[in-house]
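Hydrogens, waters and symmetry mates play no part in the numbers below; they use all other heavy atoms, side chains included. Owing to the predicted nature of the structure, the values given are computational and were not obtained by experimental measurement. Letters go in sequence order (proteins before strands), and every chain restarts at 1.
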Amino acid sequence: MLPITIFRTDPDLVEKRLADKGETSAIAPLLELDQQIRQLTTELNNMRAERNSTSEEIARLKRAQADAGDMITSMRRLSERIKGEEGRLAELQTRLKAALELIPNLPHASVPVGKDEKDNVVVRHWGPAPDFDFKLENHLDLGTKLGLFDFDRGSKIAGSGFPLYTGLGARLERGLINFMLDFHVERGFTEIFPPFMTRYESSLTTGQLPKFAEDMYRTEPDELYLIPTAEVPVTNIHRDEILDEGELPRFYTAYSACFRREAGSYGKDTRGFLRLHQFNKVELVKFVRPDDSYDELETLTAQAEAILQTLGLHYRVLELCSGDLSFAAAKCYDLEIWAPGEEKWLEVSSCSNFESFQARRGNIRYRREADKKVDFLHTLNGSGVATPRLLVALLETYQTPDGTVRLPEVLVPYVGQKELK
RNA sequence: GGAGAGGUGGCCGAGCUGGCUGAAGGCGCUCGCCUGCUAAGUGAGUAAGGGGUGUUGAGCCCCUUCCAGGGUUCGAAUCCCUGCCUCUCCGCCA
């Protein structure tokens, strides 16, 4: 949520920055609403001041056993008017709040302006692209022959997009999760195992609701929302809290299953692991002082990259252009790994700085040491990383001519063997 | 699923026979005194948000906020209704 004050002070700039992000709705109606609210507030204030002072006068008269009949009758009329105006004000405020909840965050000044993913900037590559002297198989053929997963039966159980991992595949999936969690914990992140469903307010904090309700699974009688990422529960750990500045930064890592309806993306990447309704992910979340958040974004990205480096996977880092930024993000790096069988770059992580956008929505604050004032902190998160596409790149990168898959050294203890065969 | 308790400031916790209670008391925190240091003691201060004015962060004035929404009333933290949330006990269950 953006503070209404920035719309007042520099509406043209805000409108331009929103347009850079592809947000077309005009902000003039917002300012109009704000103007009405402030005018009405002033009028109400005056009426309330009168009511308050007269009430005190009445109390004084009553205590002195004097008659206050006239005052009471005139106050009756004033109170009626106040009640009416309060109703109007509440309605205006509800409208403004609802409108503000639908306005995305502004892109940071350093973000390249662009329309869509074609305008994203490749910041760096890591490692050489793997080189093969035999004909590659894609992950689906490989994994199916090795018995790692069974999409047909997954579909029978839950529908397409719900993968069923089997045998060594299930073991590998669990091993990947454990490896990543251990990795992050060793580097200073606190491990969290969060709820996989949240209430409405929690999903409002991170920005999924109200705008993207159709992307979420919702349970009918209880109105709980299945999380699309551990970002949601973990960010809400500190909702409605005030942290001491000395407690910052706080780093969390959490595994969760992630549930996404992927409404509107039917027919896109339907094959295999590229786009799923349920997948596993290890997430990184940071709560930091506002001054530190851009440095923290760099180290967060490096932390996610370190996973890929340790697994020896060729990847690249993209800086998202303004038009490709997600709703809540001010700046974002995507990590894409190379899948040699698919011959595609696959996104496995988005590392974002939300500045105070989520903190405002979730009322997550900190108390500054210098002046003891309370202010919104900054939140960041990044995947570290999502498993399905990681699995794709692993299988395709480490396949051998005889159809087996050699495992990177670090995974061997987690899987209990050196190769998949 | 059944029964009950409760939601007050950074925290704990009074108030709940309606009117100097924006809220006692305590803890914590800040500044000062005291002390060789620490502890103890002691004095003062200590919620947030908004509007106006000044004008640019000195101040001054006003309003709102005791879970949320509605009602009663000249006036509600205090009375009534609805909702949400938390906790306890019982039942069921991994």
Side-chain angles (χ1 to χ4, degrees), chain A residues 1-10 30-98 100-101 193 195-205 209-210 218-225 233 236-248 250 257 287 356 359-377:
Chain A
M1 188 126 67
L2 297 170
I4 185 67
T5 46
I6 71 163
F7 291 85
R8 279 183 214 151
T9 41
D10 205 342
L30 284 186
L31 289 171
E32 170 66 27
L33 254 181
D34 178 53
Q35 183 55 42
Q36 285 180 35
I37 285 171
R38 279 191 296 163
Q39 196 189 327
L40 191 53
T41 301
T42 304
E43 289 169 20
L44 253 175
N45 273 353
N46 294 335
M47 286 192 273
R48 282 164 167 164
E50 191 186 338
R51 180 181 65 186
N52 288 346
S53 62
T54 311
S55 282
E56 274 175 45
E57 185 59 30
I58 290 171
R60 216 174 349 244
L61 289 173
K62 290 249 175 180
R63 264 195 301 274
Q65 312 279 319
D67 176 60
D70 290 351
M71 277 186 172
I72 289 176
T73 37
S74 75
M75 276 303 96
R76 201 169 284 160
R77 259 196 310 276
L78 181 63
S79 278
E80 281 306 309
R81 273 181 58 208
I82 290 176
K83 198 165 291 180
E85 297 299 280
E86 280 176 339
R88 257 183 69 206
L89 180 64
E91 201 252 314
L92 293 176
Q93 283 169 334
T94 306
R95 271 166 54 196
L96 181 62
K97 182 161 168 281
L100 283 175
E101 282 174 354
F193 202 120
F196 288 3
M197 297 189 216
T198 64
R199 352 175 112 111
Y200 181 92
E201 309 87 85
S202 295
S203 294
L204 178 86
T205 300
L209 294 177
R218 174 172 165 269
T219 64
E220 193 41 72
D222 300 306
E223 196 170 341
L224 289 169
Y225 295 82
N236 279 280
I237 287 175
H238 296 301
R239 174 154 53 86
D240 291 320
E241 288 185 19
I242 299 174
L243 304 175
D244 286 330
E245 184 170 350
E247 297 179 84
L248 299 179
R250 296 183 82 106
F287 296 82
S356 61
R360 282 175 202 282
R361 295 180 150 239
N363 195 30
I364 310 169
R365 297 173 292 172
Y366 78 109
R367 189 177 295 281
R368 275 196 297 264
E369 240 141 53
D371 58 6
K372 303 292 169 196
K373 288 289 185 188
V374 173
D375 196 7
F376 295 107
L377 47 72

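Taking atom P in both B/G7 and B/C66, one finds a spacing of 14 Å when rounded to whole Å. The C1' atoms of B/G2 and B/G91 are separated by 7 Å, rounded to the nearest whole Å. As rounded to the nearest Å, B/U17 and B/C79 have C1' atoms that lie 11 Å from one another. Separation of the C1' atoms belonging to B/U55 and B/G51 is 16 Å when rounded to the nearest angstrom. B/A40 sits 45 Å from B/C80 when the P atoms are compared, rounded to a whole Å. One C1' atom belongs to B/C34, the other to B/G43, and the distance between them is 11 Å to the nearest Å. A gap of 35 Å separates the P atoms of B/A14 and B/C92, to the nearest Å. Rounded to whole Å, the P atom of B/G6 lies 33 Å from the corresponding atom of B/C63.
Neither OP1 nor OP2 of B/C11 sits under 4.0 Å from any side-chain N or O of A/Arg367. Between B/U72 and A/Lys83, a contact under 4.0 Å exists linking OP1 or OP2 to a side-chain N or O.
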Taking only N/O atoms, report every protein-nucleotides 64-67 of chain B pair under 3.5 Å with atom names and distance.
| unit_1 | atom_1 | unit_2 | atom_2 | d |
| --- | --- | --- | --- | --- |
| B/U64 | OP2 | A/Asn52 | ND2 | 3.4 |

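With a cut-off of 3.5 Å on both pairing distances, the Watson-Crick or G-U wobble partner of B/G19 is B/C74. Under the Watson-Crick or G-U wobble criterion, with both distances below 3.5 Å, B/A5 is paired with B/U86. Summarising the base pairing, B/C92 is matched to no nucleotide, lacking a Watson-Crick or G-U wobble pair whose two defining distances lie under 3.5 Å. Under the Watson-Crick or G-U wobble criterion, with both distances below 3.5 Å, B/U35 has no partner in any strand shown. Under the Watson-Crick and G-U wobble criteria, each requiring two contacts below 3.5 Å, nucleotide B/A44 is paired to B/U30. Base-pair partner of B/G49: B/C63 (Watson-Crick or G-U wobble, both distances under 3.5 Å).
Atom pair A/Asp222:CG and B/C85:C1' shows a separation of 15 Å (rounding to whole Å applied). Atom-to-atom, CD of A/Glu80 to C1' of B/U73 comes out at 11 Å; the value is rounded to the nearest Å. Atom pair A/Met47:CE and B/G75:C1' shows a separation of 17 Å (rounding to whole Å applied). Summarising the geometry, the separation between CZ on A/Arg368 and P on B/U30 is reported as 17 Å, rounded to the nearest angstrom. Atom CG of A/Asp244 and atom C1' of B/U30 are 14 Å apart (whole Å). Remark: P of B/G69 and CD of A/Glu91 are 15 Å apart, rounded to the nearest angstrom. Summarising the geometry, the separation between CG on A/Asp240 and P on B/C11 is reported as 11 Å, rounded to the nearest angstrom. Note: CG (A/Leu96) to P (B/G50) measures 13 Å, nearest angstrom.
No hydrogens or angles considered: nothing links the side chains of A/Gln39 and A/Gln35 as a donor-acceptor pair under 3.5 Å.
The list of salt bridge (charged side-chain N to carboxylate O under 4.0 Å, His left out) pairs with a residue in residues 71-85 of chain A, not counting sequence neighbours, reads A/Glu85-A/Arg88.
Across the interface with RNA chain B, nearest-nucleotide mapping of A/Ile242 and A/Lys62 shows A/Ile242 to be the residue nearer the 5′ end.
Formation of a donor-acceptor pair under 3.5 Å by the A/Arg239 side chain with backbone atoms of A/Gly362 is not found in this model.
Contacts of residues 36-43 of chain A with RNA chain B (heavy atom under 4.0 Å): A/Arg38, A/Thr42.
With rounding to the nearest 0.5 Å, the separation of CG in A/Asn236 from CG in A/Asn363 is 11.5 Å.
Among the heavy atoms of the strands, none lies under 4.0 Å from A/Arg360.
In summary, A/Arg60 and A/Glu56 do not engage in a salt bridge, as defined by a charged side-chain N under 4.0 Å from a carboxylate O.
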